[in-house]
Protein chains: 2
Amino acid sequence: MRIKEGNKEKDILEAAIKVFAEVGYHKAKIAKIAEVAEVAAGSVYLYFKDKEDILLKIFENIWRKLYTELKSIKENDDISPFEKFDSMIDLIFDIYIENPNLALVFVNEQNHIQRSAEEYFTEYYEKFLNLGEEIIKEGIQKNQISSSVDIKILRYFIFGAIKTLLQHWAVDPKNYPLNKIRQNIKFIIKYGIEK
Amino acid sequence: MRIKEGNKEKDILEAAIKVFAEVGYHKAKIAKIAEVAEVAAGSVYLYFKDKEDILLKIFENIWRKLYTELKSIKENDDISPFEKFDSMIDLIFDIYIENPNLALVFVNEQNHIQRSAEEYFTEYYEKFLNLGEEIIKEGIQKNQISSSVDIKILRYFIFGAIKTLLQHWAVDPKNYPLNKIRQNIKFIIKYGIEK
DNA sequence: ATTATTAATGAATAACAATTCAAAAATAAG
DNA sequence: CTTATTTTTGAATTGTTATTCATTAATAAT
């Protein structure tokens, strides 16, 4: 019996990240992904059901990772809710620093994937947001975070602000240095802009 | 000589807004748009260069309107920078209330259009953001807004937060009432979440 | 070495949907 | 009423690209 050599599935995923980041999901061609992955076009379909399945798997990996890491942050009893909150923001930025292409796919295609794969997609995404929510609740209980704000709204507020800023950073990295963005986000959310 | 009856261009634009809102730009079919507009598929091409041109015109209309209205807010000397800021947020929410479908297209397809039509698209969009920036600057000068925050970052921060929240409102309007979202956004940006 | 089993290939196919264009319809002018 | 001009139509075309599948290659088992 023959055994698969290498790891074509991984190769294809990585190639897809590169191609999706460059031209966007809709303009990305399977033929190009296969070329970058150094496999035949047909081989893509041995590992993925269809084009959308590739994107789905990419997102699943991201959100599973984010969820897992946020979970360990949350469970750390040595740091305050606000410190946890800061770590959460760092977590998202770390993806960018590690793999800018992955991050580009993350911010640019989230919309599309959420629309077309509603039921299945949401697992780790929802779990991640729920953890974020719990951290905020903890902060309210410990009297560190204002209780005037709706938690469900706050979680999307934060996520949306980050996502859009990262998108602009990707287009114009010089005008929007990542660390400056990160600092500003933390500041605004904590203190607001009123003097 | 024959004269065009009705206003087919407007009919097509409105039909497109409806169809794009329902199924998203990529899955929207010209045939469907034509059907909703009650014209033949071919007629679409008498008024628009291609499918993308329709989306482009929709966005142009939105941003021109936002820009025009923000301009008159900005030039009003009777209200404070913070009141102007509140009005700016109201402005964006008003689109939603007036025409939820238009708003859906606005938040869901902004990405796509910005990618593919870079040079031309940006006119009123940039102008709008620049006006917002000036309002913030005015607030800093009058010592009402903290100067610790980078203005360029702040403008996308606000826009991104609003965009994402509206997207979620669209999916689940009951859990995220528009007025509650609006209030929360204003609060967080002003005061932050620290107690 | 031979056979069996599974992996991989890539040219051919199939499906889809944007766009075109020859013909028809509507209106205006003479 | 006839002709000229412009608009509208929608079936046919075109282009694109995801996906399939018969064939080949690689490895393992005997």
Side-chain angles (χ1 to χ4, degrees), chain A residues 1-59 105 108-109 111-113 115-117 120-121, chain B residues 1-59 105 108-109 111-113 115-117 120-121:
Chain A
M1 188 190 64
R2 188 185 174 187
I3 277 187
K4 296 179 193 176
E5 5 87 29
N7 192 339
K8 292 213 166 50
E9 184 173 340
K10 199 178 158 223
D11 291 347
I12 294 166
L13 269 180
E14 280 170 7
I17 289 167
K18 197 176 278 178
V19 177
F20 289 161
E22 259 168 37
V23 300
Y25 176 77
H26 285 98
K27 287 185 183 163
K29 292 171 197 58
I30 295 289
K32 182 69 185 174
I33 292 171
E35 187 199 316
V36 173
E38 293 180 298
V39 300
S43 298
V44 171
Y45 292 86
L46 299 174
Y47 296 94
F48 301 93
K49 193 177 129 271
D50 53 27
K51 191 179 167 186
E52 192 144 304
D53 188 39
I54 306 175
L55 190 59
L56 205 63
K57 294 262 165 65
I58 293 173
F59 270 88
V105 177
N108 284 324
E109 316 299 347
N111 246 33
H112 169 253
I113 198 74
R115 278 202 152 204
S116 42
Y120 177 57
F121 168 65
Chain B
M1 185 190 64
R2 186 183 175 190
I3 278 187
K4 296 180 194 177
E5 2 90 29
N7 192 340
K8 293 213 167 51
E9 183 172 341
K10 200 179 157 222
D11 292 347
I12 293 167
L13 268 182
E14 281 170 6
I17 289 167
K18 196 176 281 178
V19 177
F20 289 161
E22 259 168 36
V23 301
Y25 175 77
H26 284 98
K27 288 185 183 164
K29 292 172 197 53
I30 296 288
K32 181 71 185 171
I33 293 170
E35 187 199 316
V36 173
E38 292 179 302
V39 300
S43 298
V44 172
Y45 293 86
L46 299 174
Y47 297 93
F48 301 92
K49 194 177 126 272
D50 52 26
K51 191 179 165 185
E52 192 144 304
D53 189 38
I54 305 175
L55 189 60
L56 205 63
K57 294 261 165 65
I58 293 173
F59 270 87
V105 177
N108 284 325
E109 316 299 346
N111 244 32
H112 169 252
I113 198 75
R115 277 203 153 204
S116 43
Y120 177 58
F121 168 66

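These numbers come from a predicted model, not from an experiment. Numbers restart at 1 for each chain; the letters A, B, ... are given by sequence-line order, proteins then strands. What's counted below: heavy atoms across the whole structure, side chains too, no hydrogens, waters or symmetry copies.
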Engineer: Looking at D/dT8, I'd like to know if its phosphate oxygens (OP1 or OP2) sit under 4.0 Å from a side-chain N or O belonging to B/Lys8.
Structural biologist: yes

Engineer: State, with a plain yes or no, whether a side-chain heavy atom of B/Arg115 is found less than 4.5 Å away from one of A/Asn108.
Structural biologist: yes

Engineer: Please give me every residue in residues 24-35 of chain A whose heavy atoms get under 4.0 Å of an atom in DNA chain D, ordered by residue number.
Structural biologist: A/Ala28, A/Lys29, A/Ile30

Engineer: So, do A/Val105 and A/Phe59 sit near enough that their side-chain heavy atoms are less than 4.5 Å apart?
Structural biologist: yes

Engineer: Would you say A/His112 and A/Leu55 make side-chain contact, with heavy atoms under 4.5 Å?
Structural biologist: yes

Engineer: Starting from P on C/dA18, measure out to NZ on B/Lys49 and report it in whole angstrom.
Structural biologist: 15 Å

Engineer: CD1 of A/Ile12 versus P of C/dA7: gap in Å, rounded?
Structural biologist: 13 Å

Engineer: Specify the separation, in whole Å, of atom CG of A/Asp50 and atom P of D/dT17.
Structural biologist: 17 Å

Engineer: Side-chain atoms of residues 10-17 of chain B: list all donor-acceptor pairs with protein atoms under 3.5 Å, sequence neighbours left out, distances to 0.1 Å.
Structural biologist:
none

Engineer: In terms of side-chain heavy atoms of B/Lys51, which of D/dT19, D/dT8, C/dA18 is nearest?
Structural biologist: C/dA18

Engineer: Report the distance from atom CG of A/Leu46 to atom P of C/dA8, rounded to the nearest whole Å.
Structural biologist: 7 Å

Engineer: Can you sort out the partners of B/Lys51 under salt bridge (charged side-chain N to carboxylate O under 4.0 Å, His left out), two or more places apart, ordered by chain and number?
Structural biologist: none

Engineer: Between atom OH in A/Tyr45 and atom P in C/dA7, what is the gap in whole Å?
Structural biologist: 19 Å

Engineer: Does NZ belonging to B/Lys32 count more than 12 external heavy atoms closer than 6.0 Å?
Structural biologist: no

Engineer: A/Leu55 has an atom CG; how far is it from atom P of D/dA18, in whole Å?
Structural biologist: 13 Å

Engineer: Please report, to 0.1 Å, the donor-acceptor pairs under 3.5 Å made by any side chain of residues 38-46 of chain B, with sequence neighbours excluded.
Structural biologist:
none

Engineer: Does the side chain of A/Val36 reach to within under 4.5 Å of the side chain of A/Val19, using non-hydrogen atoms?
Structural biologist: yes

Engineer: What's the CG-P distance between A/Asn7 and C/dA8, to the nearest Å?
Structural biologist: 10 Å

Engineer: Side chain of B/Tyr47, heavy atoms from C-beta onward: which of D/dT8, D/dT20, C/dA8 has the nearest atom to it?
Structural biologist: D/dT8

Engineer: How does each nucleotide of nucleotides 10-15 of chain D score, in 5' to 3' order, for protein heavy atoms under 4.0 Å: base (B), sugar-phosphate only (S), or none (-)?
Structural biologist: B-----

Engineer: Sorted by first residue and then second, give each side chain to side chain donor-acceptor pair (under 3.5 Å) pair with at least one member in residues 18-27 of chain A; sequence neighbours left out.
Structural biologist: A/His26-B/His26

